[in-house]
2 protein chains.
Amino acid sequence: MLNRCSRMYVILILSLQILYEEWASYSIFYKYQPIGLIRKYFGEKVGLYFAWLGVYTQMLIPAAIVGVIVFLYGCATVEDNIPSMEVCDERNNITMCPMCDRACSYWKLVTACGTARASHLFDNAATVFFAIFMALWATMFMEHWKRRQMRLNYIWDLTSFEDAEVSHSHPRAEYEFHVMKKSLKKEQSPKSLFLLCVFVCSMQICVTLAIVFGVVLYRVSIMTALHMSSTPTFRTNIRATVKTTAAIINLIIIIIMDEVYGAIARWLTIMEVPKTDKSFEERLIFKTFILKFANAFTPIVYLAFFRGRIIGRPGKYIYVMGSYRMEECAHAGCLMELCIQLCITMLGKQLIQNNLFEIGVPKLKKMLRQRKIDKKHQEELNKTLHRHEKDHFLGPFVGLNPEYMEMIIQFGMVTVFVASFPLAPLFALLNNIIEIRLDAKKFVTELRRPIAVRAKDIGIWYTLLRGLSKVAVIVNAFVIAFTSDLIPRLVYQYMYSPDGTLHGFVNHTLSYFNVSHFQPGTEPMEPMHLGYKVEVCRYKDYRDPPWSATPYEFSREFWAILAARLAFVIVFQNVVMLMSDFVDWLIPDIPKDISIQIHKERNLIVELFMKQERGKKYRNTIGDPSPQPLRSRPSSQA
Amino acid sequence: MLNRCSRMYVILILSLQILYEEWASYSIFYKYQPIGLIRKYFGEKVGLYFAWLGVYTQMLIPAAIVGVIVFLYGCATVEDNIPSMEVCDERNNITMCPMCDRACSYWKLVTACGTARASHLFDNAATVFFAIFMALWATMFMEHWKRRQMRLNYIWDLTSFEDAEVSHSHPRAEYEFHVMKKSLKKEQSPKSLFLLCVFVCSMQICVTLAIVFGVVLYRVSIMTALHMSSTPTFRTNIRATVKTTAAIINLIIIIIMDEVYGAIARWLTIMEVPKTDKSFEERLIFKTFILKFANAFTPIVYLAFFRGRIIGRPGKYIYVMGSYRMEECAHAGCLMELCIQLCITMLGKQLIQNNLFEIGVPKLKKMLRQRKIDKKHQEELNKTLHRHEKDHFLGPFVGLNPEYMEMIIQFGMVTVFVASFPLAPLFALLNNIIEIRLDAKKFVTELRRPIAVRAKDIGIWYTLLRGLSKVAVIVNAFVIAFTSDLIPRLVYQYMYSPDGTLHGFVNHTLSYFNVSHFQPGTEPMEPMHLGYKVEVCRYKDYRDPPWSATPYEFSREFWAILAARLAFVIVFQNVVMLMSDFVDWLIPDIPKDISIQIHKERNLIVELFMKQERGKKYRNTIGDPSPQPLRSRPSSQA
């Protein structure tokens with residue numbers, strides 16, 4: 001007969017086998033994960049991660065469906081969209097001011113027809129609805145997860161388990177060593193360390209900003225260079241080329257800096273010498289999150305809120321680095337470019353990080369490790385070695401934080417900028433379906449079995465999720481109000497339109513510029529490019545015309561629309577927050593059946609306790625009929 | 001020797017004696033309350049109320065001090081305030097448009113000098129600071145109370161007490177009767193009841209709105225009537241008289257409707273037949289709160305946000321009920337009138353409700369009860385009757401809800417409109433110092449001893465407080481942005497002022513009106529009232545002058561200032577919410593010493609439990625080393 005140890009071993013091997021078949025396979029992506037088994041084999045912490053990932057992926061399904069519907073609505077209504085019809089109408093014959101100094105010339109608005117039509121796909125009335133929907137979705141997801149977690153806690157028998165028991169009491173060895181060392185020589189005060197940390201973090205964020213600015217400069221200069229060149233085929237593809245290369249450069253920088261920032265966060269946390277493992281982990285996660293989040297979102301924030309807003313006006317452009325004009329947006333707003341950036345970031349980050357870092361690098365490492373051992377020996381070894389010895393060839397388990405971090409950043413993409421890219425949930429869903437099985441494969445086949453760690457909840461990640469979904473509400477409000485053209489359209493329709501429709505909207509958004517007001521040396525070199533002499537060109541802004549008393553000042557319409565945009569932000573933010581709070585209040589945190597069950601069990605324990613006490617006649621110490629904690633109370637009951 | 005019952009009785013009498021001396025006396029208002037004793041005599045629920053009231057009153061002290069400082073700052077800077085100096089400067093000689101049709105004539109801006117100076121007391125830069133301070137104060141109060149409650153829970157040994165034990169399991173008798181009745185004849189569905197409730201509540205809110213509108217009409221009509229009368233002494237005091245009488249009428253209506261609404265809320269809740277006592281109480285409180293809050297705050301909200309905003313403009317006023325023009329605000333905004341209303345409401349409500357309802361009515365009832373018994377018998381009875389028999393002459397204990405409600409409405413006044421009335425915390429503090437002792441006296445001498453009820457927290461009241469402090473942030477943002485003149489002043493200073501100071505601000509806020517554009521029949525009867533012929537008069541609004549291309553349209557300045565106001569709301573709300581969240585996160589909910597103590601005790605219990613188990617060899621059922629709840633788990637550990 002097998003001894004106890006061998007029996008355990010067989011059970012483990014069997015579990016692994018089942019996990020391999022029932023979990024770590026792409027062909028069963030539509031099935032629920034065997035969470036109970038995962039928890040038994042890998043421990044509660046890993047179990048919770050996969051349960052969370054499962055809930056998240058499941059919740060992404062309705063979001064993806066609604067997102068696709070919103071996108072399809074945009075596609076279906078693109079033909080009826082009056083503003084893009086007006087842009088594409090040759091009869092309007094609107095001459096636009098040049099996009100750059102000297103090299104560019106005047107251009108016809110009708111050439112922006114394609115962009116205008118494409119913009120409508122992501123900038124229509126359904127977007128507002130979708131942003132509200134996604135804010136509520138985030139709240140529901142949170143609530144749903146809380147309930148699921150509670151249920152798992154109950155099933156896994158963690159309701160009476162306290163985190164405090166594990167980690168509060170055990171200081172890390174590094175901490176004790178540090179305290180010992182510090183008592184010998186007084187070195188760094190915690191205050192200076194905190195300041196150092198804040199300093200380094202803000203430095204890094206500055207670096208991120210500098211990089212974004214660098215990419216902007218790249219775009220501006222390449223744009224100018226391309227415009228200068230006389231090859232016409234180049235010119236036509238200028239915009240697309242520059243946009244795409246810039247987005248890819250951004251992406252590559254993001255991925256590289258991600259690794260750098262991870263290292264910096266770790267270094268900073270080690271410097272801090274937190275007391276317990278738990279606080280070490282939390283601090284590390286928090287720092288990494290701040291840095292990676294800033295890294296991933298700065299280019300997007302720039303595109304959404306700053307691009308094309310600080311360009312000045314014809315005749316008085318704002319120049320950076322001497323002679324580069326800041327970039328303008330395409331005619332129909334920057335929303336389109338924001339979309340492209342989001343799309344490339346999401347797809348690229350997921351593809352590259354998944355394939356390269358999560359599959360490629362571990363495989364490479366495994367190969368290297370196996371190379372070390374002589375090839376001939378290997379096969380012999382394979383037969384004679386025990387499972388745990390073979391495990392040594394596998395990669396070490398480095399914790400769940402990178403997995404969580406990736407998902408949180410993705411959650412940020414899905415919620416924070418969803419107003420500008422309704423397909424984000426779909427992309428996330430597709431990624432996550434693969435991600436679950438990929439992680440499963442990695443855990444089952446590539447990594448050594450981790451030491452099982454108990455955990456009651458997903459800890460600081462939940463706080464970060466909550467924070468993100470709060471930030472999402474306000475960012476979406478700003479995206480809809482300022483990046484999309486929704487508010488100007490509405491204001492035009494209800495305040496300025498002569499017939500209550502959007503006819504004439506495009507004309508209303510364009511201001512007039514008298515070409516004789518160009519600063520010397522900035523007028524186009526080929527003014528007759530379009531075949532006729534241009535006296536007045538148009539540009540996208542709300543400014544007074546040259547013939548008014550206050551030429552080129554912001555017009556009354558500018559301020560009225562700004563007020564409307566801001567009013568929208570206030571209304572949107574407060575309505576969505578109210579609705580979220582309502583949803584939060586509506587769904588109880590603990591499922592009804594579980595709370596009844598817990599209540600019953602608690603009563604049972606009390607009864608049992610009392611029965612025992614009565615039997616043993618302990619009355620003088622703890623025989624009070626109510627289950628009181630043992631303590632000399634400062635006051636006795638009257 | 002005394003038997004056990006008599007001994008208890010003596011202890012009770014002694015407790016009451018101590019409470020009377022150490023608590024229910026105005027002369028010791030500066031002392032802490034003997035909360036432990038109060039809890040022992042009246043039970044946890046009453047104890048928590050007085051503890052809460054104590055924390056609230058204590059927290060009001062810093063708020064009152066800062067409020068007084070802000071007010072004094074206003075007083076000190078009134079002489080340096082450029083706008084009010086300009087209003088009071090005779091040399092400016094600004095002719096204002098008449099305040100009413102026909103009966104009123106043109107007037108000099110300099111006559112509004114007093115109001116302009118008074119307005120500065122409540123409308124200066126310190127107000128913004130104070131509004132932020134009070135938002136953080138509300139968060140700190142909440143946190144402070146949470147900690148205090150935790151400490152009391154620990155001292156009173158309620159940490160392991162569950163509300164659920166008491167109330168979840170016992171359905172009310174009325175509920176069971178109702179269920180029985182319903183099973184006999186199917187009568188009302190809960191859905192229709194809910195709709196009824198929503199309907200009645202909204203009806204009541206409509207009634208409140210109608211009343212407010214009625215008071216407005218009263219003011220408008222009296223104003224016109226007074227203007228019509230030719231007695232000059234009348235005229236000079238017109239504004240003050242009308243304002244004060246209207247505020248007093250509002251107050252009386254509020255107090256009367258308060259009682260009516262209380263009855264309606266109770267009737268509605270009885271109709272609903274909630275299942276448990278707890279849910280009955282919560283529903284009743286919630287409904288009463290909504291109605292009373294709407295009742296108390298509608299007139300204030302009207303004054304703050306609607307008064308003087310929907311008046312139209314000279315030549316095109318908005319008329320209500322045929323011929324009444326909507327009210328204008330005095331020159332320096334409506335903030336002053338809002339102040340008066342708040343002041344009268346707070347003082348009046350507190351004085352009348354405290355004195356009349358809390359002292360007068362119970363005294364009267366007591367007298368009536370005692371009258372019933374023959375006077376001669378009474379003295380004999382007094383000697384022979386037992387304490388509990390004498391108690392019968394006292395009023396019945398009607399629960400703490402009216403007390404809490406009063407305080408919550410006061411908390412609303414203190415936080416929600418604090419930007420317009422920085423003395424509110426001081427008023428509240430003074431009231432509460434009296435209120436504590438008044439309630440104490442009432443509990444000790446006027447009411448029968450209530451049946452002691454256990455409670456772990458203040459229940460739904462905490463939720464309401466949280467809700468109020470959230471509402472407060474947004475309302476204060478709007479009050480500062482729209483009711484005070486802060487934003488127009490700042491916009492003028494940084495956008496329009498030729499020299500960067502406020503000189504010329506008053507002129508900037510006044511638009512021009514050509515008196516030949518009056519609608520026929522609305523021009524003043526005495527146009528030469530001021531002694532010269534008026535061609536152009538001024539009115540407070542941002543509109544284009546009559547000689548512009550778009551006469552009397554909202555001007556560019558109007559929209560720019562509106563945008564600035566809205567931007568301020570967004571920034572204020574988000575910054576304050578962020579700061580509140582930060583404070584909330586900074587202060588741990590459970591005091592450090594208590595959490596350590598609780599942790600230690602829990603360990604002790606576990607140890608004891610294990611020791612017992614080991615001794616008794618119960619291993620086969622509950623001998624697992626970890627303190628697991630007893631249950632047949634669906635899955636066994638691997």
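Sequence lines set the chain letters: A, B, ... in the order given, protein chains first and strands last, and positions in each chain run from 1.
Under a cut-off of 6.0 angstrom, the local environment of CH2 in B:W547 is crowded, with over 12 non-hydrogen atoms contributed by other residues, nucleotides or ligands. The neighbour count for A:Y462 OH, taken as heavy atoms of other residues, nucleotides or ligands under 6.0 Å away, is above 12. No more than 12 heavy-atom neighbours from other residues, nucleotides or ligands sit within 6.0 angstrom of CZ on B:F582.
Classified by interplanar angle (parallel below 30°, tilted 30° to 60°, perpendicular above 60°), the ring pair B:W559/B:F554 is perpendicular. The aromatic rings of A:F478 and A:F305 sit perpendicular, their planes meeting at an angle over 60°, well past the 30° parallel limit.
Only the side chain of B:K470 comes within contact range of chain A, with heavy atoms under 4.5 Å apart. Looking at A:I474, the atoms closer than 4.5 Å to chain B (heavy atoms on both sides) all sit in the side chain, from C-beta outward. Using a 4.5 Å cut-off between heavy atoms, B:E553 touches chain A through backbone and side chain atoms alike. Heavy atoms closer than 4.5 Å to chain A are found nowhere in B:I561, neither backbone nor side chain. Only the side chain of B:T550 comes within contact range of chain A, judged by heavy atoms closer than 4.5 Å.
With hydrogens and angles ignored, the 3.5 Å screen pairs no side-chain donor or acceptor of A:S595 with any backbone N or O of A:I590.
Residues of residues 562-571 of chain B lying within less than 4.5 angstrom of chain A, judged on heavy atoms, are B:L562, B:A563, B:L566, B:A567, B:V569, B:I570 in numerical order.
Between B:D581 and A:R466 no salt bridge is recorded (no basic side-chain N to carboxylate O distance below 4.0 Å).
Side-chain contact between A:Y552 and A:D541 is absent, with no heavy atoms from C-beta onward closer than 4.5 Å.
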